[in-house]
Amino acid sequence: MMRILIADDDPVGIEVNKRLIYSYVNFNSINNAYIKTVSNGYEAVDSFRESLIAREPFDLIMLDRGMPCFNGEYALNKIRQLEQRSNYRVKPCHIIIVTSRSPSGDILTISNHCDSYLLKPISVPAIYKILANQTE
């Protein structure tokens, strides 16, 4: 089962991302996907921490860059710190930063910690490519 966390303060963005993921899962006959959604960066970090404690870590996390509480970049750094301290996690989680802002020079800083960077609206081929790499 593929375990996915979507963190976005926009309910429409969450629904769009869920539909894209479920359509990929159904089209490719993947057994199942568990998707948890949260509305801010603090909840994303807390959910990730809980997944490590339960020994059911997420395989993929989509972090909106402009969330309240902790923004996507801060949440990303906290999640990577939790991974480094964890004795359970063998493989780092694939983390995608999602934003409606156009890319700028700070992408290099972000990209050192995340695996993908997607612009809203997310294109179907872009997310399908990432999902395909996760299910291989």
Treating Ile, Leu, Val, Met, Phe, Trp and Tyr as nodes and any side-chain heavy-atom pair under 4.5 angstrom as an edge, say whether Ile21 and Val12 lie in one connected cluster.
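Yes: a chain of side-chain contacts under 4.5 Å links Ile21 to Val12.
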Is Ile53 reachable from Ile61 through a run of hydrophobic residues whose side-chain heavy atoms are each under 4.5 Å from the next?
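No; Ile53 is not reachable from Ile61 via cluster members.
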Does any N or O in the side chain of [X] come within less than 3.5 Å of the main-chain N or O of [Y], such that one atom is a donor and the other an acceptor?
X     : Y     : value
Asp46 : Tyr42 : no
Asp9  : Ser39 : no
Asn17 : Gly13 : yes
Arg3  : Glu56 : yes
Asn40 : Cys69 : no
Ser23 : Arg19 : yes

Is the closest side-chain heavy-atom distance between [X] and [Y] below 4.5 Å?
X     : Y      : result
Phe70 : Val45  : yes
Thr99 : Lys120 : no
Leu63 : Ile95  : yes
Ile14 : Val38  : no
His94 : Ile130 : yes

For a side chain to side chain contact (heavy atoms under 4.5 Å, CB included) with Phe48, tell me which candidate from Glu83, Lys78, Lys36 qualifies.
Glu83
Please work out which of the three classes, parallel, tilted or perpendicular, describes the rings of Tyr24 and Tyr128, given edges at 30° and 60°.
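Perpendicular: the ring planes of Tyr128 and Tyr24 meet at over 60°.
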Which class fits the ring pair Tyr34 and Phe58: parallel under 30°, tilted 30 to 60°, perpendicular over 60°?
parallel
Just how far is it from atom [atom1] of [X] to atom [atom2] of [Y], taken to the nearest 0.5 Å?
X      : Y      : atom1 : atom2 : answer
Asn32  : Met2   : CG    : CE    : 11.5 Å
Arg49  : Leu82  : CZ    : CG    : 5.5 Å
Gln134 : Ser116 : CD    : OG    : 8.0 Å
Glu73  : Cys114 : CD    : SG    : 9.0 Å
Leu119 : Ile97  : CG    : CD1   : 12.0 Å
Ser86  : Ile79  : OG    : CD1   : 13.0 Å

What verdict does the side-chain contact (heavy atoms from CB on, under 4.5 Å) test give for Ile122 and Met62, after you've listed the backbone C-alpha separation in whole Å, the side-chain angles of each residue and the deciding distance to 0.1 Å?
CA-CA 11 Å; Ile122 296 174; Met62 297 179 75; 3.7 Å; yes
Start with the C-alpha gap between Lys18 and Ile6, add the side-chain angles, then the distance that decides, and say whether side-chain contact (heavy atoms from CB on, under 4.5 Å) holds.
CA-CA 8 Å; Lys18 282 173 58 175; Ile6 300 173; 3.8 Å; yes
Quick check: closest heavy atoms across Arg80 and Pro92, and the distance to 0.1 Å?
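Closest heavy-atom pair between Arg80 and Pro92: NH1-CB, 4.0 Å.
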Heavy atoms only: give me the nearest Ala44-Ala7 pair and the separation to one decimal.
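Result for this residue pair: CB-CB, 3.8 Å.
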Show your working on side-chain contact (heavy atoms from CB on, under 4.5 Å) between Asp10 and Asp64 and close with a plain yes or no.
CA-CA 9 Å; Asp10 176 16; Asp64 180 44; over 6 Å; no
Under the side-chain contact (heavy atoms from CB on, under 4.5 Å) rule, what do Val25 and Leu131 come out as? Steps first, then yes or no, please.
CA-CA 9 Å; Val25 167; Leu131 292 169; over 6 Å; no
